[in-house]
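Encoded as structure tokens, here's the structure I'll be asking about.
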Amino acid sequence: MNKEKFYITTPIYYVNGEPHIGSAYTTIAADVLARFHRMKGEEVFFLTGTDEHGTKIAQAAQEQNITPQEFVDIISSKYQMAWDVLDISNDDFIRTTSSKHKDLVKFFVTKLKEVGAIYEGEYEGLYCVGCEKFLTEKELVNGECPDHKKRPELIKEKNYFFNLKKYLPEVEKRIDSGEIKILPEKIKKEVLGLFKQGLNDFSVTREKVKWGIEVPFDSSQVVYVWADALLNYITALGYGSKDDLLFRKFWPANIHLMAKEIIKFHAIFWPAMLLAVGEELPKTIFAHGFFTVDGQKMSKSLGNAIDPMELVKQFGSDATRFLLLSQFPFGSDGDVKVGNFAIQYNSDLANGIGNLTSRVLSMAEKYFPANDGSHAKGGQGASGGLVPERDSELAEPVKIIWQEFEKAMESFEVDKVIEAIKKLNGLCDSYVEDNKPWQLAKDDQEKLAKVIYNLLEALRHLGVMLYPVMPQASQKILESLGKGDFTSIKLSDLQNWGRLQSGTKVVKVDALFPRMQ
RNA sequence: CGCGGGGUAGAGCAGUUGGCAGCUCGGCGGGCCCAUAACCCGCAGGUCGCCGGUUCGAGUCCGGCCCCCGCAACCA
């Protein structure tokens, strides 16, 4: 039987700055989906990376007196370290300055020329000699370049243009019909609106830009951003090379995930380019929303950008993942109150999941102590408990929560995934109160055994459910139940009630999420 | 008349096909004692932006108005 495949991507991030909360948000969300699909037993390829060409990069490097390559090496490695710290499980990390990518982009551009999808034209724009780049109206202050206080010149240069107009009707049709799913629905509307407004052919090369991939058939030109960056999704898979096994296996992408500002390029330009060369189109393109911080748009100039690495320092990787994803519905914009992170950490994680884990394991240990003496050596929590007789009183409600959880995952509603987790947490807390194990310990051993079993088994389910969002906590919970490694077991099996064997030794863990003061 | 989103309890948000207005946090009161001073229960009563309309009945449909915000006119 062929395993189902799942190919998920984030955008490649532009290395003009270090990882920020937006890129972290996208990447964490993608990681959650990737982990979930792996749990389902699918063959997953999860790609992220960095976009490293362009004038801005060359300038930034010059300011620091290093070569552009040195500059991008530094920033790119910061992204890789950040994702490492955040437990991102990407299968590859593509860099647009890698020789593989560069070769395949050249191949692609040549192919565009061969099929007649590009033509020579003239680009006219406002050029600042000081910046050595074209400026947009938006960048100008009183009609002047803000950096050099000079009016930019209106100049023309040779460019190759992609014949977008030729492919627009087909792309529109595929989007409208849902062959390419654009999500959420409102973004789809917006994209369809763009067609009505009309779109122009776009440059795929530039003459004045120096830091980029040289156009193979015209050395005066360098490949311009979209024909470079977007290609990462297939060059990473070896498209156009001898070794294109991954490409044939994983393309088309199941989902391109991104923030909404680049939806146009992904929903329109990218499919059009793929059509031009006769390749399949991505199945789903999902654009999530933007953060505002305390009501204001996040920006470097305002100095209100949230550094994801600071969050990790404060809360840890798991909690950072959880907190970012639970701020607002995935796909909408949302405001983040910086002060709320700690409050929410305490309520959902310390008092919620952490406390539940702690109370359940404590009771197991207290009421059903293991007496084989083979405890963890040294350290605290060296005692252990045994799982008592099984019971299925919680099986049904847990099953329903699993259904909600999966539905949320399948529809990319990451925030609702978190709701499901919280619901299971709440179910367990209520169950404790309803059954009062400390009472049963005095007068009903038989029922006590069932109640504790149910709690331990529910905790196991929680541990599994936590895996996509908070892999570390998941691991700790499952280890404490003697179920550390479950990656080879399919989710559908893990979801069965009663997998936890009676008599299994459980070991209390240190606080999963220490309370913040 | 560029495109799109939104205005619901102190705050942040849910509200599918119209039918007693919900969730989380905070606040107040009670309970419990297994647990990370955690947990459970109850309460707190918001003209659902404004004005009309359709309907037995409208945050939920229609029309108009006011106010926020995002995207866009080839920034990566």
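Proteins get letters first, then strands, A, B, ... in listed order; numbering begins at 1 in each.
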*asked:* Between G352(A) and K442(A), which residue's closest nucleotide on RNA chain B lies nearer the 5′ terminus?
replied: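 The residue mapped nearer the 5' terminus is K442(A).
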*C1' gap between A73(B) and C3(B), integer Å*: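 Straight-line distance between the two C1' atoms is 12 Å.
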*What distance separates I213(A) CD1 from D228(A) CG, expressed to the nearest 0.5 Å?*
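Going from the CD1 atom of I213(A) to the CG atom of D228(A) covers 4.0 Å.
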_Can you tell me which nucleotide in C39(B), A76(B), C74(B) comes closest to the side chain of F161(A)?_
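Comparing C39(B), A76(B), C74(B) against the side chain of F161(A), the answer is C74(B).
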_Please classify the nucleic acid contact of I57(A) as base, sugar-phosphate, or nothing, using heavy-atom distances under 4.0 Å._
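If one applies the 4.0 Å heavy-atom cut-off, I57(A) turns out to touch nothing in the nucleic acid.
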*Which of these nucleotides, C40(B), A35(B), C75(B), is closest to any side-chain atom of K56(A)?*
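From the listed options, C75(B) comes nearest.
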*Quick one: label N355(A) by what it contacts on the DNA or RNA (base, sugar-phosphate, nothing), any heavy atom closer than 4.0 Å.*
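Contact class for N355(A): base.
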*What pairs with D218(A) under salt bridge (charged side-chain N to carboxylate O under 4.0 Å, His left out), at least two apart in sequence or on another chain?*
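Scan of D218(A) (salt bridge (charged side-chain N to carboxylate O under 4.0 Å, His left out), adjacent residues dropped) gives K158(A).
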*If the P atom of C66(B) is compared with that of C56(B), how far apart are they to the nearest Å?*
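These two P atoms come out 32 Å apart once rounded.
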*Nearest-angstrom distance, C1' atom, G27(B) to U36(B)*: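 Looking at atom C1' only, G27(B) and U36(B) are 23 Å apart.
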*Of the nucleotides U36(B), C33(B), A76(B), which has the atom closest to the L512(A) side chain?*
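Shortest atom-to-atom distance from the side chain points to U36(B).
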*Indicate, with a heavy-atom threshold strictly under 4.0 Å, whether S203(A) touches base, sugar-phosphate, or nothing.*
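The residue S203(A) makes base contact.
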*For G4(B), does the O4'-C1'-N9-C4 (purine) or O4'-C1'-N1-C2 (pyrimidine) torsion place it in syn, i.e. within 90° of 0, or in anti?*
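Glycosidic conformation of G4(B): anti.
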*Could you tell me whether a side-chain N or O of T96(A) sits under 3.5 Å from a main-chain N or O of A229(A), the two making a donor and an acceptor?*
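Side chain of T96(A) to backbone of A229(A): no pair is present.
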_N425(A) (side chain) donor-acceptor with I421(A) (main chain) under 3.5 angstrom_ =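 Between the backbone of I421(A) and the side chain of N425(A) there is no qualifying donor-acceptor contact (under 3.5 Å).
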*For K264(A), report the nucleic acid contact type (base, sugar-phosphate, nothing); a contact means any heavy atom under 4.0 Å.*
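Sugar-phosphate, backbone atoms only, no base.
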_hbond_proxy E433(A) side chain to C34(B) base (donor-acceptor, 3.5 Å cutoff)_ =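 Check passes, donor-acceptor contact within cut-off.
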_Expressed as a whole number of angstroms, how long is the span from I353(A):CD1 to U36(B):P?_
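So the two atoms are 17 Å apart, to the nearest Å.
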*Could you list all the side chain to side chain donor-acceptor pair (under 3.5 Å) pairs where at least one residue sits in residues 182-193 of chain A, not counting sequence neighbours?*
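Listed by first then second residue: nothing to list.
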*Using a cut-off of strictly less than 4.0 Å, decide whether R515(A) has a side-chain nitrogen or oxygen near OP1 or OP2 of A37(B).*
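False: R515(A) side-chain N/O out of range (4.0 Å or more) of A37(B) OP1/OP2.
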_Distance between C1' atoms of A37(B) and G46(B) (Å, rounded)_ =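 So the two C1' atoms sit 33 Å from each other.
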*Return the set of residues passing salt bridge (charged side-chain N to carboxylate O under 4.0 Å, His left out) with R460(A) (not counting sequence neighbours), or none when no residue passes.*
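R460(A) satisfies salt bridge (charged side-chain N to carboxylate O under 4.0 Å, His left out) with E457(A) only.
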*Go ahead and write out RNA chain B as dot-bracket, 5' to 3': ( ) for pairs within the strand, [ ] for ones crossing earlier pairs, | when the partner sits on another strand, dots for unpaired; Watson-Crick or G-U wobble, both distances under 3.5 Å.*
.((((((..((((.....[..)))).(((((.......))))).....(((((..]....))))))))))).....
*Rounding to a whole Å, what distance do you find between N200(A):CG and A73(B):P?*
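From N200(A) CG to A73(B) P: 10 Å.
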*Among all residues two or more places apart in sequence or in another chain, which pass the ring-ring contact (aromatic ring centres under 6.0 Å, His included) test with F71(A)?*
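Result, ring-ring contact (aromatic ring centres under 6.0 Å, His included) vs F71(A): none returned.
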*Can you list every side chain to side chain donor-acceptor pair (under 3.5 Å) pair that touches residues 70-80 of chain A, not counting sequence neighbours?*
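Only E18(A)-K78(A), T50(A)-S76(A), E52(A)-S76(A), T67(A)-E70(A), Q69(A)-D73(A), D73(A)-R95(A), S76(A)-R95(A) qualify under side chain to side chain donor-acceptor pair (under 3.5 Å).
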*Between atom CD in E419(A) and atom C1' in U24(B), what is the gap in whole Å?*
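One finds 8 Å between C1' of U24(B) and CD of E419(A), rounded.
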*Taking the six-membered ring for Trp, are the ring centroids of Y160(A) and Y119(A) within less than 6.0 Å of each other?*
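They do not qualify: ring centres at least 6.0 Å apart.
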*Mind checking L199(A) for me? I need base, sugar-phosphate or nothing, with any heavy atom below 4.0 Å counting as a touch.*
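It contacts nothing in the nucleic acid.
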*Can you list the residues that meet the salt bridge (charged side-chain N to carboxylate O under 4.0 Å, His left out) rule with K416(A), with sequence neighbours excluded?*
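Expected list: E413(A).
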*Can you pull the salt bridge (Lys or Arg N to Asp or Glu O under 4.0 Å) pairs that have at least one residue in residues 192-203 of chain A, sequence neighbours excluded?*
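Salt bridge (Lys or Arg N to Asp or Glu O under 4.0 Å) check on residues 192-203 of chain A returns no pairs.
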*Given atom NZ of K416(A) and atom P of C23(B), what is their separation to the nearest angstrom?*
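K416(A) atom NZ is separated from C23(B) atom P by 16 Å.
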*On a whole-Å scale, what distance lies between the P atoms belonging to G59(B) and C50(B)?*
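Each nucleotide's P atom is 11 Å from the other's.
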*May I ask whether W438(A) stacks on the base of C34(B), given the cut-offs of 5.5 Å between ring centres and 30° between planes?*
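Stack criterion met.
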*Residues two or more places apart in sequence or in another chain: which of them pass salt bridge (charged side-chain N to carboxylate O under 4.0 Å, His left out) with D429(A)?*
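Only R359(A) meet the salt bridge (charged side-chain N to carboxylate O under 4.0 Å, His left out) criterion with D429(A).
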_Can you check the distance between A9(B) and A14(B), where both ends of the measurement are the C1' atom (answer in whole Å)?_
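After rounding to an integer number of Å, I get 14 Å for this pair.
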With the criterion being N/O to N/O and under 3.5 Å, what pairs connect the protein with nucleotides 1-11 of chain B, and how long is each?
| from | atom 1 | to | atom 2 | distance (Å) |
| --- | --- | --- | --- | --- |
| C3(B) | O4' | Q197(A) | NE2 | 3.3 |
| G4(B) | O2' | E190(A) | OE1 | 3.4 |
| G5(B) | OP1 | K189(A) | NZ | 3.3 |

_Whole angstrom value for the distance that separates P of A76(B) from CZ of F269(A)_ =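 Rounded to the whole Å, the gap is 12 Å.
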*Gap in Å between the two P atoms, one belonging to G7(B) and one to C34(B), rounded*: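 46 Å, rounded to whole Å.
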_For N425(A) and G354(A), find the nucleotide of RNA chain B closest to each by heavy atoms; which residue's nucleotide sits nearer the 5' end?_
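Counting from the 5' end, the first nearest nucleotide belongs to G354(A).
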*asked:* Rounding to an integer number of angstrom, what distance separates C25(B) and G5(B) when you compare their C1' atoms?
replied: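 That atom pair is separated by 25 Å.
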*Could you state the NZ-C1' distance from K196(A) to A73(B), rounded to the nearest angstrom?*
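These atoms are roughly 19 Å apart.
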*Has the side chain of S23(A) got a donor or acceptor atom that lies under 3.5 Å from a matching backbone atom of P19(A)?*
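Checked: no pair found.
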*Should K508(A) be listed as having a side-chain N or O under 4.0 Å from OP1 or OP2 of U36(B)?*
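Checking K508(A) against U36(B): at least one side-chain N or O falls below 4.0 Å of OP1 or OP2.
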*Round to a whole Å and report the spacing from CE of M363(A) to C1' of C34(B).*
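Roughly 4 Å, once rounded to whole Å.
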_For a quick check under 3.5 Å, do Y233(A) and H266(A) share a side-chain donor-acceptor pair by atom type?_
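Side-chain D/A pair, Y233(A) to H266(A): present.
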_By nearest atom, which of the nucleotides U36(B), C34(B), A76(B) is closest to the Y367(A) side chain?_
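Closest of the options to the side chain of Y367(A): C34(B).
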*Residues which pass side chain to side chain donor-acceptor pair (under 3.5 Å) with Q439(A), listed by chain and number, not counting sequence neighbours*: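 Residues passing side chain to side chain donor-acceptor pair (under 3.5 Å) with Q439(A): none at all.
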*Kindly say if K423(A) contacts the phosphate of U24(B), meaning a side-chain N or O under 4.0 Å from OP1 or OP2.*
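Answer is no, no contact under 4.0 Å.
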*Considering only heavy atoms, which members of residues 341-348 of chain A lie under 4.0 Å from some atom of RNA chain B?*
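Nucleic-acid contacts, sorted: I343(A), S347(A).
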_Separation of C34(B) C1' from K436(A) NZ (nearest whole Å)_ =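 These atoms are roughly 12 Å apart.
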*Where the side chain of Y123(A) is defined as all heavy atoms beyond and including C-beta, which of C34(B), C74(B), A38(B) is the nearest nucleotide?*
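The answer is C74(B), which lies nearest to the side chain.
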*Closest to the S430(A) side chain: A35(B), C40(B), A76(B)?*
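Nucleotide nearest to S430(A)'s side chain: C40(B).
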*Give one of base, sugar-phosphate or nothing for K260(A), where a contact means two heavy atoms less than 4.0 Å apart.*
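Result for K260(A) = sugar-phosphate.
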